[in-house]
Number of protein chains: 2
Amino acid sequence: MTQTSVPDVVIRRLTTYLQTLKHMAQRGEHVASSTEIGRWAGVSPAQVRKDLSHFGEFGRQGLGYEIGFLCTQIERILKIDQDWRLILVGAGALGHALMNYGAFVTGRFQIVAVFDSDPAKVNTRVGQREILPMERLAEIIAERHVEIAILAVPATAAQHVADQLVACGVRSILSYAPITLNTPRDVHVRYIDPVASLQTMTYYL
Amino acid sequence: MTQTSVPDVVIRRLTTYLQTLKHMAQRGEHVASSTEIGRWAGVSPAQVRKDLSHFGEFGRQGLGYEIGFLCTQIERILKIDQDWRLILVGAGALGHALMNYGAFVTGRFQIVAVFDSDPAKVNTRVGQREILPMERLAEIIAERHVEIAILAVPATAAQHVADQLVACGVRSILSYAPITLNTPRDVHVRYIDPVASLQTMTYYL
DNA sequence: CTGTGTGAAGCTTTTCACAGCG
DNA sequence: CGCTGTGAAAAGCTTCACACAG
């Protein structure tokens, strides 16, 4: 039933199910029940079944879910059964850390270019890649068919850079800047902000 | 109405309202309506008012919210009107980046100790701090009254370290490991996983 | 008039509970 | 039997709309 739109929270849980399933596969398991998946992912068995049922029937009654098969299906649903080219804007300390982050060096999300507005940084290297000036943003995005950008610039520059990215056709932004970006509705933004995360935890202390 | 328990999603939005309000304050504004706050935070005016109404009456009818006052109130609600001591476990590339992250160097969340299980790293320095062996975890947590930990270790070690942290009395964990941690219900965990975030965005492309 | 605070309505998400299949 | 898939019920969250205050 890909017909009716699926809640975003379901999409986010799919990634945790996938983590869980990969983990189980590594331990040599071949089949998992919704109860087992739920226990490791921290959700109820009914939730697991309902979430998966949005996309099809992947289990066998009386048995459970075949782990390899379910992984393949979730990867297809999330469209991560293919490589994705990313660009990174901002070559500060965070940008450097991201360039050397294992998942971006070897995984299916590949950073194909790094940009920075600071002329002193342009032409220096970070990891394997040369830092490019912002002027080349449009060119690279078009040439490499980039749809996803990681934003690792200061909060003061974030909105301006986001506007440029959107103008160049970027449709997904992963932002490390601690501000809410104003973007067209068809551009998806996710935020990573450790301080914001900590601020929501102190409430419970 | 602090009586009835407040949804977690409200707590998370409070941090975005705070960001918005600080931003407005910097631009010299003194008063903000729920419509303005909502526009910048990306939520409806009614949502802003309802969220705030969980904690008291902070606005003036016909006028709006006095920005400085509302900031103070939100900071009090989130308990971020005080300093918090954190520890960091894991002194790899990510750990180094976090130690040098501005907000942790100058802000109200202060990393007071760094731990690593690798004997080769112990006694070397990261930023200003000496890396301590895991054996000293319990001692430091007790001595410095630490309630919050940042987990920056490989996925394979994360659950084991989390268990140790919980045993030492840590009650909030910000985890960078791409697995769901199994913890007692009174221990709060937030996850930061750029790959998981990206995986949820490709679905919409 | 403008804009808050808030019950009530409307909508979404989660849980329940059970038919049905292996 | 065990466990999925799924309508129906319950719970939770968001929006509406309006009384009321400045």
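Within every chain, numbering begins at 1; the chains are lettered A, B, ... in the order of the sequence lines, protein sequences first and strands thereafter.
Distance B:L70 CG to C:dG5 C1': 14 Å, rounded to the nearest Å. Atom-to-atom, CZ of A:F58 to P of D:dG5 comes out at 9 Å; the value is rounded to the nearest Å. Nucleotide D:dT6 holds its C1' atom 13 Å from the CG atom of A:L52, rounded to whole Å. The distance from atom NZ of A:K50 to atom P of C:dT12 is 15 Å, rounded to the nearest whole Å. Atom pair A:I67:CD1 and D:dT4:C1' shows a separation of 16 Å (rounding to whole Å applied). In this entry the distance linking CD of B:E57 with P of C:dG7 reads 11 Å, nearest Å. The nearest whole Å value for the distance from the CG atom in B:D51 to the P atom in D:dT14 is 7 Å.
Between B:D51 and B:R12, no side-chain nitrogen of the basic residue sits less than 4.0 Å from a carboxylate oxygen of the acidic one, so the salt-bridge criterion is not met. Using a 4.0 Å cut-off between a side-chain N of Lys or Arg and a carboxylate O of Asp or Glu, B:R76 and B:D81 do not qualify as a salt bridge.
Other residues, nucleotides and ligands contribute over 12 non-hydrogen atoms within 6.0 Å of the CZ atom of B:R108. Under a cut-off of 6.0 angstrom, the local environment of CD in A:Q128 is sparse, with at most 12 non-hydrogen atoms contributed by other residues, nucleotides or ligands.
In this view, A:A138 and A:C168 satisfy the side chain to side chain contact (heavy atoms under 4.5 Å, CB included) rule, not counting sequence neighbours. A:P184 pairs by the side chain to side chain contact (heavy atoms under 4.5 Å, CB included) definition with A:V166, A:D186, A:V187, not counting sequence neighbours. Scanning for side chain to side chain contact (heavy atoms under 4.5 Å, CB included) contacts around A:R185 gives an empty result, with sequence neighbours left out. Taking B:R85 as the reference, B:V112, B:R144, B:H145, B:V146 meet the side chain to side chain contact (heavy atoms under 4.5 Å, CB included) condition, with sequence neighbours excluded. For B:H188, the ring pair (Phe, Tyr, Trp, His ring centres under 6.0 Å) partners two or more places apart in sequence, or in a different chain, are A:Y204.
Between B:R49 and A:P7, it is B:R49 whose nearest contact on DNA chain C lies nearer the 5' terminus.
Side-chain nitrogen and oxygen atoms of B:Q47 include at least one within less than 4.0 Å of the OP1 or OP2 phosphate oxygen of D:dT15. Contact check, A:Y65 against D:dG2: no side-chain N or O comes under 4.0 Å of OP1 or OP2.
In the region residues 28-45 of chain B, proximity to DNA chain D at under 4.0 angstrom, judged on heavy atoms, holds for B:S44. Taking a 4.0 Å limit (strictly below) on heavy-atom distances, residues 9-26 of chain B does not reach DNA chain C anywhere.
Pairs passing the salt bridge (charged side-chain N to carboxylate O under 4.0 Å, His left out) check and including a residue from residues 14-38 of chain A, sequence neighbours excluded, read A:K22-A:E75. For residues 192-205 of chain A, no pair satisfies salt bridge (charged side-chain N to carboxylate O under 4.0 Å, His left out), with sequence neighbours left out. Residue pairs meeting the ring-ring contact (aromatic ring centres under 6.0 Å, His included) criterion with at least one partner in residues 9-51 of chain B, sequence neighbours excluded, are absent.
A:R190 and B:T200 share a side-chain donor-acceptor pair at under 3.5 Å.
Summary for the helix from C:dC1-D:dG22 to C:dG22-D:dC1: the axes at its two ends, each from 5 pairs, differ by 10° when rounded to the nearest 10 degrees.
Note that CG of A:L174 and CG of B:L198 are 5.0 Å apart. Values are rounded to the nearest 0.5 Å.
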Tabulate atom names and distances for all N/O pairs under 3.5 angstrom spanning the protein and nucleotides 20-22 of chain C.
residue, atom, partner, partner atom, Å
C:dG20, N2, A:Q61, NE2, 3.4
C:dC21, O4', A:Q61, OE1, 2.5

